[in-house]
2 protein chains.
Amino acid sequence: MSLRHAVLGMLSVTSCTGYELTQWFDSSLQHAWHASHSQIYPELARLEAEGLAEVVEEGARRSKTYAVTDAGREELKRWLMETEPNRAQRNETALRWFLVFRLDPDDRRAALERELEFVEAAAAQRRALTEQLDAEGKTGGFRPVLDLAARVDPAMIGWLRDQIEATKTE
Amino acid sequence: MSLRHAVLGMLSVTSCTGYELTQWFDSSLQHAWHASHSQIYPELARLEAEGLAEVVEEGARRSKTYAVTDAGREELKRWLMETEPNRAQRNETALRWFLVFRLDPDDRRAALERELEFVEAAAAQRRALTEQLDAEGKTGGFRPVLDLAARVDPAMIGWLRDQIEATKTE
DNA sequence: TAACGCATGTAATACGTTACATGATTCT
DNA sequence: AGAATCATGTAACGTATTACATGCGTTA
């Protein structure tokens with residue numbers, strides 16, 4: 001169960017409401033982690049009940065801002081340092097890119113072109129975000145990690161292009 | 001639901017038993033897709049009931065070898081070409097590499113060193129597999145995909161090394 | 001013949017997604 | 001006042017993991 005640690009970790013970056021967490025998981029973090037509000041709100045309630053997070057502010061529209069407690073930071077550290085990462089996770093993109101070789105060249109090209117389109121759009125989006133963060137003076141050593149998660153590695157774009165070319169001479 | 005298509009896809013590569021599929025999902029394919037036998041056997045039964053796969057051989061120890069049918073190949077093609085990939089998937093490695101920046105430099109170095117060790121071992125393992133496949137004369141354009149799934153890209157290894165160095169001067 | 005690995009299956013529980021449901025505030 | 005968005009919550013359903021359970025075939 002690491003939805004708990006994803007939430008705890010995000011709260012340790014900055015205190016926020018369940019709604020803001022949901023948006024975060026839906027947008028900038030979407031390729032690394034995704035969770036819907038119906039999971040997030042109950043998890044926040046559980047974290048509070050167990051003393052790992054606390055409500056630090058109640059605002060408009062019944063909104064509650066949560067912050068991580070010392071016990072929560074301890075738990076996050078314990079998870080990061082002492083638990084074995086679960087590396088056997090599903091990656092639909094990798095599965096599709098693997099299985100696309102079962103298609104005949106024309107169909108494969110069509111499928112790969114769609115992937116290339118998506119990956120290039122993701123790369124452009126991430127470049128824009130990076131430039132914006134740089135302009136704001138925020139450097140974050142972790143940005144390549146998000147590229148990794150979003151599979152916008154330049155080598156992968158090159159690989160997709162090569163595979164598309166290859167379908168034309170088969 | 002794409003466990004179904006993972007199974008169908010693997011059967012389209014080569015006919016095999018549920019046990020062999022389980023091993024495949026546990027070993028060479030583990031970073032792209034994982035599933036345990038308790039999911040695989042019922043799914044094979046459902047695929048057979050729906051005419052997407054069929055039992056082509058019954059061997060020792062009650063074993064059943066399944067093969068994909070024409071309808072199954074159609075369905076696989078439909079999935080690959082017509083359905084929108086689910087790109088909002090969880091990646092515990094990316095989450096951890098992102099959250100590790102919440103740790104102080106010493107703890108962070110320890111955590112990153114463990115990751116580097118794992119990634120280097122995975123890279124070595126994959127190199128060995130590649131050499132073996134090359135020796136057998138099997139080329140597979142999809143191998144970089146498995147690297148992607150296993151997150152053993154050389155750029156990532158370099159990034160981990162850089163981050164470890166950075167903790168030493170903080 | 002006992003132990004081990006092959007091979008399959010089901011049951012209980014945990015987790016995740018989708019759909020349903022409601023109220024508060026802001027904007028037009 | 002009505003529409004849109006903010007903000008939270010629960011219920012129903014589907015999927016995944018873990019634990020339980022069994023039998024066949026080979027090897028020591």
Side-chain angles (χ1 to χ4, degrees), chain A residues 1-8 10-11 15-27 29-50 53 55-66 79 83-92 95, chain B residues 1-8 10-11 15-27 29-50 53 55-66 79 83-92 95:
Chain A
M1 208 239 289
S2 52
L3 166 73
R4 140 155 305 187
H5 299 100
V7 169
L8 217 43
M10 291 306 118
L11 288 181
S15 301
C16 58
T17 67
Y19 188 81
E20 289 167 327
L21 268 177
T22 304
Q23 287 186 109
W24 207 353
F25 283 128
D26 272 350
S27 59
L29 213 67
Q30 72 180 305
H31 302 292
W33 205 262
H34 178 264
S36 56
H37 74 275
S38 60
Q39 264 190 296
I40 290 169
Y41 292 121
E43 188 60 48
L44 284 169
R46 274 191 296 268
L47 288 170
E48 196 195 1
E50 293 173 36
V55 175
V56 289
E57 198 192 320
E58 307 208 20
R61 297 183 188 93
R62 296 178 302 162
S63 80
K64 284 179 277 184
T65 300
Y66 289 84
W79 180 69
T83 64
E84 198 51 39
N86 175 6
R87 310 200 189 258
Q89 286 188 3
R90 294 175 171 191
N91 182 337
E92 190 177 314
L95 178 68
Chain B
M1 206 241 289
S2 51
L3 167 72
R4 142 157 302 190
H5 299 99
V7 169
L8 217 42
M10 290 306 117
L11 288 181
S15 300
C16 57
T17 67
Y19 188 82
E20 288 167 328
L21 267 178
T22 305
Q23 288 185 108
W24 206 351
F25 283 129
D26 272 349
S27 59
L29 212 66
Q30 73 181 303
H31 302 292
W33 206 264
H34 178 265
S36 57
H37 74 276
S38 59
Q39 264 189 295
I40 290 168
Y41 291 122
E43 189 59 51
L44 284 169
R46 274 190 296 268
L47 287 170
E48 196 195 1
E50 292 172 38
V55 175
V56 290
E57 196 191 321
E58 306 207 22
R61 299 183 188 91
R62 296 178 301 162
S63 79
K64 285 178 276 184
T65 301
Y66 288 84
W79 180 70
T83 65
E84 197 52 37
N86 175 7
R87 312 202 187 257
Q89 286 189 2
R90 294 175 170 191
N91 181 338
E92 190 177 313
L95 179 69

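Lettering follows sequence order; numbering is per chain, from 1.
- The shortest side-chain heavy-atom distance between B:His31 and A:Asn91 does not fall under the 4.5 Å cut-off.
- Distances shorter than 4.0 Å separate none of the side-chain N or O atoms of B:Tyr19 from OP1 or OP2 on C:dT8.
- Base contact: B:Ser38 has a heavy atom under 4.0 Å from a base atom.
- Looking at B:Gln89, its side chain does come within 3.5 Å of a backbone N or O of A:Glu92 through a donor-acceptor pair.
- Counting non-hydrogen atoms under 4.0 angstrom, B:Ser36 reaches a base of the nucleic acid.
- Rounded to whole Å, the distance from CD on A:Glu43 to C1' on C:dG16 is 12 Å.
- With hydrogens and angles left out, the side chain of B:Ser63 and the base of C:dT8 share no donor-acceptor pair within 3.5 Å.
- In this structure the side chain of B:Leu3 reaches within 4.5 angstrom of the side chain of A:Arg90, judged on heavy atoms.
- Contact check for B:Asp26 versus B:His34: side-chain heavy atoms found under the 4.5 Å cut-off.
- Taking the side chain as every heavy atom from C-beta outward, B:Phe25 and B:Ile40 approach each other to under 4.5 Å.
- Rounded to an integer number of Å, the gap from B:Lys64 NZ to C:dT8 P is 7 Å.
- Going from atom CG of B:Asp26 over to atom P of C:dA7 covers 14 Å, rounded to whole Å.
- Between B:Met1 and B:Glu43, the closest side-chain pair of non-hydrogen atoms falls below 4.5 Å.
- One can place NE2 of B:His37 at 14 Å from P of C:dC6, the figure rounded to the nearest angstrom.
- Annotation: the span from B:Glu58 atom CD to B:Thr17 atom OG1 amounts to 12.0 Å, rounded to 0.5 Å.
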Q) side chain to side chain contact (heavy atoms under 4.5 Å, CB included) between B:Arg46 and B:Arg4: does it pass, once the steps are laid out? A) CA-CA 9 Å; B:Arg46 274 190 296 268; B:Arg4 142 157 302 190; 4.0 Å; yes

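- Across the protein-nucleic acid pair, A:Arg4 atom CZ and C:dC15 atom P stand 10 Å apart, rounded to whole Å.
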Q.
I need a per-nucleotide contact map over nucleotides 23-28 of chain C, read 5' to 3'. Cutoff is protein heavy atoms under 4.0 Å; write B for the base, S for backbone only, - otherwise.
A. -BBS--

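- Between B:Gln39 atom CD and C:dA11 atom C1' the separation is 15 Å, expressed in whole Å.
- Residue order along DNA chain C, read from the 5' end via each residue's closest nucleotide, puts B:Glu20 first among B:Asn86 and B:Glu20.
- First and last contacts of DNA chain D with chain A, using any nucleotide atom under 4.0 Å from a protein heavy atom and ordered 5' to 3', fall at D:dC6 to D:dA16.
- What separates CE of B:Met1 from C1' of C:dG16 is a distance of 15 Å, to the nearest Å.
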Q.
One pair to check against side chain to side chain contact (heavy atoms under 4.5 Å, CB included): A:Leu29 and A:Met10. What are the steps and the verdict?
A. CA-CA 10 Å; A:Leu29 213 67; A:Met10 291 306 118; 3.8 Å; yes

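- Rounded to an integer number of Å, the gap from B:Phe25 CZ to C:dA7 P is 17 Å.
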